[in-house]
2 protein chains.
Amino acid sequence: MGISGVGASGTGIGALDKVDRETMGARVYRDLRNLIMAGQVSPGDRLTIRTLAAALGTSMMPVRDAITRLAAEQALEVLPNRTVRVPIMTRARFEEVRTIRLMLEGHAVETAAAIVTDEALARIGALHEEFTAEHNTGDPDPAALIRINKDFHFRIYEAAAMPALLQIIEGLWLQIGPVLNFDLRSKSKRLSERVALHHHGDLLDALGRRDGPAARAALAGDIVSAGDFILRCGSLV
Amino acid sequence: MGISGVGASGTGIGALDKVDRETMGARVYRDLRNLIMAGQVSPGDRLTIRTLAAALGTSMMPVRDAITRLAAEQALEVLPNRTVRVPIMTRARFEEVRTIRLMLEGHAVETAAAIVTDEALARIGALHEEFTAEHNTGDPDPAALIRINKDFHFRIYEAAAMPALLQIIEGLWLQIGPVLNFDLRSKSKRLSERVALHHHGDLLDALGRRDGPAARAALAGDIVSAGDFILRCGSLV
DNA sequence: AGCCGCGATATGTTATCACAGTTCCAGCCC
DNA sequence: GGGCTGGAACTGTGATAACATATCGCGGCT
């Protein structure tokens with residue numbers, strides 16, 4: 001690797017590293033993942049490699065990689081025809097995932113409560129305020145709310161310092177991502193957000209008191225109430 | 001779909017379906033997965049696509065698919081150099097995975113205890129007897145013991161009827177597969193097997209009594225004792 | 001003798017192409 | 001007119017080749 005090829009802005013040698021150190025496959029993966037997480041694809045939608053490749057301006061290979069990876073993470077589903085689609089969430093599967101989330105994310109917040117630093121706590125509090133502010137505007141942006149909510153939760157989970165657990169939780173969120181946003185985007189969401197705000201506040205307080213059980217209880221309330229809302233929507237088969 | 005292309009043995013039309021309905025990528029994936037699960041590759045081993053492709057008699061593409069999938073499941077690890085290797089298990093990571101296993105597999109056996117059928121119980125009991133018999137031979141085959149042990153556990157987990165949970169547990173076993181067998185193959189394993197036998201018996205009894213908490217306790221004993229054995233081996237960095 | 005630079009080798013990445021199975025629609029026969 | 005058949009278009013799979021980068025070793029310079 002030479003110094004030749006000045007590729008970054010700014011002066012100084014230390015400022016020109018990390019030029020496009022990302023493969024196209026990784027970029028496609030990230031794009032598709034964000035698409036799924038944000039619920040901008042609906043359960044049941046079929047994806048074709050060539051179409052995606054054309055839309056993203058690449059060849060089939062990076063798209064193949066990304067789809068293979070997402071399918072391995074259960075974020076996409078391959079039918080016996082070899083075609084891939086966004087998985088359709090059944091009621092049973094949704095409830096099963098919720099049960100697992102209560103265990104795993106419950107353990108994460110309880111662990112986080114024991115060892116969270118004040119700095120992390122401050123960042124989490126800032127996200128909570130951001131979430132509250134966005135909610136108090138006249139017309140909250142659903143995409144922003146979902147992003148802030150995700151950051152709020154995962155900052156707490158990261159504070160548990162359990163990387164393997166964090167990975168599994170991310171996989172679960174990826175699985176429920178489509179249905180989550182699919183409903184939150186359409187239905188009247190005022191009520192569910194109010195209670196989410198309430199649970200988030202309780203969770204933040206419990207973390208501040210380093211009260212693990214209380215934190216777990218608050219998170220459970222958040223997960224259960226949000227899940228009940230989805231279940232009441234009746235859009236699950 | 002035409003009738004042309006007689007490809008299966010046996011007479012009658014209905015007997016010729018499902019000829020080679022498996023892609024090469026799936027076969028390579030399964031082979032590599034078994035290799036990892038059986039611990040026939042050691043943590044830190046580097047894998048190259050071309051070498052594997054040559055060894056398996058295919059091109060790079062199916063190998064690429066399989067590796068991408070295994071990397072997504074954390075069964076393989078991609079270094080910043082883009083080279084892939086069998087992940088190196090640290091002590092902290094091993095203990096974290098064990099903690100997660102205690103939660104998830106504990107919940108699985110507790111659920112299974114509530115709804116397990118007599119038929120499933122009989123199959124599980126048969127596996128336990130097979131495990132005992134293999135252990136009582138003068139020279140037990142490590143590979144057979146590991147296979148039977150895995151079947152025993154997963155038959156129980158399947159009885160819980162939680163497919164998403166089962167998938168996650170399989171991922172965890174895939175992660176600890178290498179170190180598990182790596183040690184069990186070399187060190188004196190007589191003691192650990194004895195206690196495994198004991199815990200399996202307790203677990204089976206508890207399932208027969210439909211006693212969920214007892215089943216969870218027996219499984220916890222199995223996981224903790226096996227984990228302690230690995231940790232005492234001192235081969236974890 | 002030690003260190004730097006350069007090139008050879010190895011390896012992952014991407015593109016392009018050929019092939020097989022599937023889907024879908026038009027046209028034809030009954 | 002309806003159902004069946006035929007083919008055309010579509011789509012995933014596998015192979016091969018071109019390319020970029022990383023790794024390692026050799027040779028020359030200091």
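Since the model is a prediction, treat every value here as computed from it, not as a measurement. Reminder, nothing fancy here: chain letters follow the sequence lines and each chain counts from 1.
Proximity note for B/Thr48 (side chain, C-beta onward) versus C/dT22, C/dT14, C/dG12: the nearest is C/dG12. Closest contact between the side chain of B/Ser59 and the listed nucleotides D/dT16, C/dT14, C/dT11 involves D/dT16. Closest to the side chain of A/Arg50, from the set C/dT14, C/dT13, D/dT13, is D/dT13. Closest contact between the side chain of B/Pro62 and the listed nucleotides D/dA15, C/dT13, C/dA15 involves D/dA15. Comparing atom distances between the B/Thr23 side chain and each of D/dG14, D/dT11, C/dT14 picks out D/dG14 as nearest.
The CG atom of A/Asp65 sits 13 Å away from the P atom of C/dG12 (whole-angstrom rounding). Atom CD1 of A/Ile49 and atom P of C/dC17 are 17 Å apart (whole Å). Summarising the geometry, the separation between CZ on B/Arg46 and C1' on D/dC24 is reported as 12 Å, rounded to the nearest angstrom. Here the P atom of nucleotide D/dT11 and the CD1 atom of A/Ile67 are 12 Å apart, to the nearest Å. Atom CG of B/Leu79 and atom P of D/dA22 are 13 Å apart (whole Å).
A sub-4.0 Å separation between OP1 or OP2 of C/dT23 and a side-chain N or O of A/Asn81 is present. Of the side-chain N and O atoms in A/Arg82, none sit less than 4.0 angstrom from OP1 or OP2 of D/dT11.
The residue A/Met61 sits close to a base: some heavy atom pair falls under 4.0 Å. Residue A/Leu47 is classed as a sugar-phosphate contact, given heavy-atom separations below 4.0 Å to backbone atoms only.
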Does the pair A/Glu73 and A/Tyr29 meet the rule for a side-chain hydrogen bond (donor to acceptor under 3.5 Å, both in side chains), with working shown?
CA-CA 12 Å; A/Glu73 296 170 349; A/Tyr29 168 78; 3.0 Å; yes
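Using a 4.0 Å cut-off between charged side-chain N and carboxylate O, A/Asp65 and A/Arg27 make no salt bridge. The pair B/Arg33-B/Glu170 meets the salt-bridge criterion, since a charged nitrogen lies less than 4.0 angstrom from a carboxylate oxygen.
Between B/His128 and B/Phe152, the ring planes lie tilted relative to each other; the angle falls in the 30° to 60° range.
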